[in-house]
Amino acid sequence: MKESGVEWVQIKEAFKAKPGSRISLKGWVRTRRDSKAGLSFINLHDGTCQDPIQIVALNDLPNYESEILHLNTGCSIEVDGELVESQGKGQSVELRASEIRVVGMVEDPDTYPVSAKRHSFEYLREVAHLRPRTNTFGAIARVRHALSMAVHRFFDEREFYYVHTPIITANDCEGAGQMFRVSTLDALNPPRTEAGEVDFEQDFFGKEAHLTVSGQLNVETYCCALSRVYTFGPTFRAENSNTSRHLAEFWMIEPEIAFADLADDARLAEDMLKYVFKDLLDRRADDMAFFDKRIKPGLIDTLTHIVESPFLRLPYTEAVDILQKSSKKFEYKVEWGTDLQSEHERFLTEEHFKQPVILTDYPKGIKAFYMRLNDDEKTVAAMDVLVPGIGEIIGGSQREERLDVLDQRIDEMGLPKDEYWWYRDLRRYGTVPHAGFGLGFERLVQFSTGMANIRDVIPFPRAPKQAEF
RNA sequence: UCCCCGAUAGCUCAAUUGGUAGAGCGAGCGGCUGUUAACCGCUAGGUUGUAGGUUCGAGUCCUACUCGGGGAGCCA
């Protein structure tokens, strides 16, 4: 784009341009420092890279006194000038301004919510519309994008098809927690049946409908036709969870592979995590250096180590054994047949192995009906990928492809078999062994950036009592 | 939802056993300087989260609520 006869470039491109180039930059002021030698330094960012660029504004600019000396953090400007090698330390190049046009001033600098000082993440969450202007949240936005693209690229390179599974579901049987209702009925005065219950036959879909808690059941149908598929979409859980790693609305990646068993599934999970971490370290080196320096020292080493070394695989039964034999005092006793507590998972990843661990073959009693029953008839072919600091980042399994075994599991758990008619059809017509997993995208971003709270790695977090913006 | 902790200036925090609110940063003005977490001076800025209660007197004690943090459960 041309502006005043000078080419407008992104700041990340400006850093790569040759000194002597005449360019135009547009962005938002981060800081302004004046020198009585008759010039001001303006740090300008436009979101295209971690570092702001330094603008040098001499006092011979016509609007120096009237406007430039009044620029504050947050003001938007356009700058034409010549890229020159910097005389000062701290940056290689800077833009010597020949013209600065003020696009938007900050109305009241005294109350601008993200002034040039350190702010707590809790506070910035309250100004989520302005926090992307800070270096941390700009970096998070770029990392989110990079990870999203890496996920798609990973699957595309392996001939997986991206399947758009529905957001609204009328299955009341997905069994992954509380669901949000979707309805057009009058909530204050819904139609009633003769028995006095809400008559959902009169609702939009003719039956109860909810927001999806997982795309898995739907994506299995495409897996059993296209062989390798995945979904990557919004997912909703109405659980009253108040933790640093749960959201009511989050994005989940769910691949599903046909003619595959749990070992194939675990390999896919490992390959995928390594691919996206490596891609992130390569493509967003600037932001990762920032997270490593300011958010979580050692982050880059941790991710590099994960990329370079094989994941540990450990059956649940052996994990229980390790926990029982450890001298560590746990608040909850470890017993075969019960789910591991957070403290147990943390011990394994953070103290015992100090690396990600894939736990496999859990007792059937604590896992979902669709997970394939192992030959011991006590465990199922399930896996959890546990990482230090966060815990479960991936949950997956080989699916039960044998109709008689699936039916037995549905009965055992007291689930309504009729509701699963189309899911059961997959086992009646050309069934195949298949497997898949769910990766919580925000947990991936959390782990990749070292951010402590999941509400800070999604632009506008939804959680209990939190739906502002 | 449960347990623990917290809420004081735009932001981050102080304020002895209950006795009428202070600093730093940010902001405005001035000084100094090719500056970059700049530095120095001055100024403005607060019904102490909300609603009750105890007391001569409450930022401080009590109760409820709201919101936030840490941990737990549910999970991704």
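Labels below follow one simple rule: chain letters A, B, ... track the order of the sequence lines, proteins then strands, and each chain is numbered from 1.
- Taking 3.5 Å as the limit, the base of G45(B) and the side chain of Asp110(A) contain no donor-acceptor pair of atoms between them.
- Glu220(A) and Gln216(A) are linked by a side-chain donor-acceptor pair at a separation below 3.5 angstrom, with hydrogens and angles left out of the test.
- At a cut-off of 3.5 angstrom, counting only N and O atoms as typed in the model, there is no donor on one side facing an acceptor on the other between the side-chain of His119(A) and the base of C11(B).
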Exercise for review: Report the secondary structure of RNA chain B in dot-bracket form, marking unpaired bases with a dot and bases paired to a different strand with |, and treating Watson-Crick or G-U pairs with both distances under 3.5 Å as paired.
Suggested key: (((((((..((((.....[..)))).(((((.......))))).....(((((..]....))))))))))))....
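- Across the C1' atoms, A58(B) and C11(B) are found 26 Å apart, a figure rounded to whole Å.
- Taking atom C1' in both G41(B) and C32(B), one finds a spacing of 11 Å when rounded to whole Å.
- Side-chain N/O atoms of Gln178(A) include none lying less than 4.0 angstrom from OP1 or OP2 on C74(B).
- For the pair Lys328(A) and Phe347(A), the cation-pi test (distance below 6.0 Å, angle within 45°) is failed.
- Between the CE atom of Met252(A) and the P atom of A76(B) there is a distance of 7 Å, given to the nearest Å.
- The residue Ile393(A) sits close only to the backbone: its heavy atoms come under 4.0 Å of sugar-phosphate atoms, none of a base.
- C29(B) sits 15 Å from A44(B) when the P atoms are compared, rounded to a whole Å.
- In this structure, Glu392(A) contributes its side chain and Leu386(A) its backbone to no donor-acceptor pair below 3.5 Å.
- The six-membered or imidazole ring of Phe447(A) lies near that of Phe277(A), with a centre-to-centre distance under 6.0 Å.
- Glu392(A) places its CD atom 12 Å from the P atom of G73(B), with the value rounded to the nearest Å.
- Nucleotides U48(B) and A7(B) have their P atoms positioned 14 Å apart, rounded to a whole Å.
- Ring geometry for Tyr316(A) versus Tyr362(A): interplanar angle of 30 to 60°, hence tilted.
- The base of G34(B) sits with one of its N or O atoms less than 3.5 Å from a complementary donor or acceptor on the side chain of Arg96(A).
- Where Gln341(A) and Gly438(A) meet RNA chain B, the nucleotide closest to each residue was compared, and Gln341(A) sits on the side nearer the 5' end.
- Arg33(A) contributes no side-chain N or O that forms a donor-acceptor pair with the base of C39(B) under 3.5 Å.
- Atoms NZ (Lys117(A)) and P (A23(B)) sit 16 Å apart, rounded to a whole Å.
- No hydrogens or angles were tested; on distance alone, nothing pairs the side chain of Gln87(A) with the base of U35(B) as donor and acceptor under 3.5 Å.
- The side chain of Ser35(A) places an N or O atom within less than 4.0 Å of a non-bridging phosphate oxygen (OP1 or OP2) of G34(B).
- Atom CZ of Arg455(A) and atom C1' of C67(B) are 11 Å apart (whole Å).
- Proximity of Ser342(A) to the phosphate of G73(B): a side-chain N or O atom is located under 4.0 Å from OP1 or OP2.
- Atom CZ in Arg245(A) sits roughly 10 Å away from atom P in G70(B) (whole-Å rounding).
- Nucleic acid contact class of Gln91(A) (heavy atoms, under 4.0 Å, all strands): base.
- Put simply, the side chain of Gln54(A) and the base of U35(B) share a donor and an acceptor less than 3.5 Å apart.
- Summarising the geometry, the separation between CG on Asn242(A) and C1' on C67(B) is reported as 11 Å, rounded to the nearest angstrom.
- Looking at Glu78(A) and Leu25(A), their side chains never come closer than 4.5 Å, going by heavy atoms from C-beta outward.
- Mapping Thr73(A) and Tyr123(A) onto RNA chain B by nearest heavy atom places Tyr123(A) at the nucleotide closer to the 5' end.
- Using a 4.0 Å cut-off between charged nitrogen and carboxylate oxygen, Asp456(A) and Arg131(A) count as a salt-bridge pair.
- With distances taken from any side-chain atom of Glu239(A) to the nucleotides G34(B), C74(B), G68(B), the minimum falls on C74(B).
- A salt bridge links Glu208(A) with Arg181(A): the distance from a Lys NZ or Arg NE/NH1/NH2 to an Asp or Glu carboxylate oxygen falls below 4.0 Å.
- By the ring-ring contact (aromatic ring centres under 6.0 Å, His included) test, His145(A) pairs with no residue at all, sequence neighbours left out.
- A donor N or O paired with an acceptor N or O is found under 3.5 Å between the base of G34(B) and the side-chain atoms of Glu94(A).
- Tyr161(A) and Phe155(A) have their aromatic ring centers separated by at least 6.0 angstrom.
- Rounded to a whole angstrom, the distance from the C1' atom of A9(B) to that of G28(B) is 15 Å.
- Of the P atoms belonging to U8(B) and G49(B), the separation is 6 Å, rounded to the nearest Å.
- Ile253(A) comes within 4.0 angstrom of nothing in the nucleic acid, heavy atoms only.
- The base of A76(B) lies close enough to the side chain of Arg237(A) for a donor and an acceptor atom to sit less than 3.5 Å apart.
- The distance between the ring centers of His152(A) and Phe154(A) does not fall below 6.0 angstrom.
- Other residues, nucleotides and ligands contribute over 12 non-hydrogen atoms within 6.0 Å of the CZ atom of Phe41(A).
- For the pair Phe250(A) and A76(B), the ring geometry qualifies as stacking, because the centroid separation is below 5.5 Å while the planes lie within an angle under 30°.
- Nucleotides A14(B) and C40(B), compared at atom P, are 23 Å apart to the nearest Å.
- In this structure, Leu124(A) places its CG atom 14 Å from C1' of G68(B), rounding to the nearest Å.
- Asp34(A) contributes no side-chain N or O that forms a donor-acceptor pair with the base of U33(B) under 3.5 Å.
- Taking the P atom of each, C39(B) and C25(B) are spaced 7 Å apart, rounded to whole Å.
- Arg158(A) has no carboxylate O lying under 4.0 Å from a charged side-chain N of Asp271(A), or vice versa, which leaves the two without a salt bridge.
- Applying a 4.0 Å cut-off to non-hydrogen atoms, the residues of residues 61-72 of chain A that approach RNA chain B are His70(A), Asn72(A), listed by residue number.
- Side-chain N/O atoms of Ser241(A) and base N/O atoms of C75(B) include no donor-acceptor pair closer than 3.5 Å.
- Separating the CG atom of Asp108(A) from the P atom of A44(B) is a distance of 17 Å, rounded to the nearest angstrom.
- Within 4.0 Å of Phe437(A), counting heavy atoms only, lies no atom of the nucleic acid at all.
- Across all strands shown, Ser86(A) has heavy atoms under 4.0 Å from base atoms, whether or not it also approaches the sugar-phosphate.
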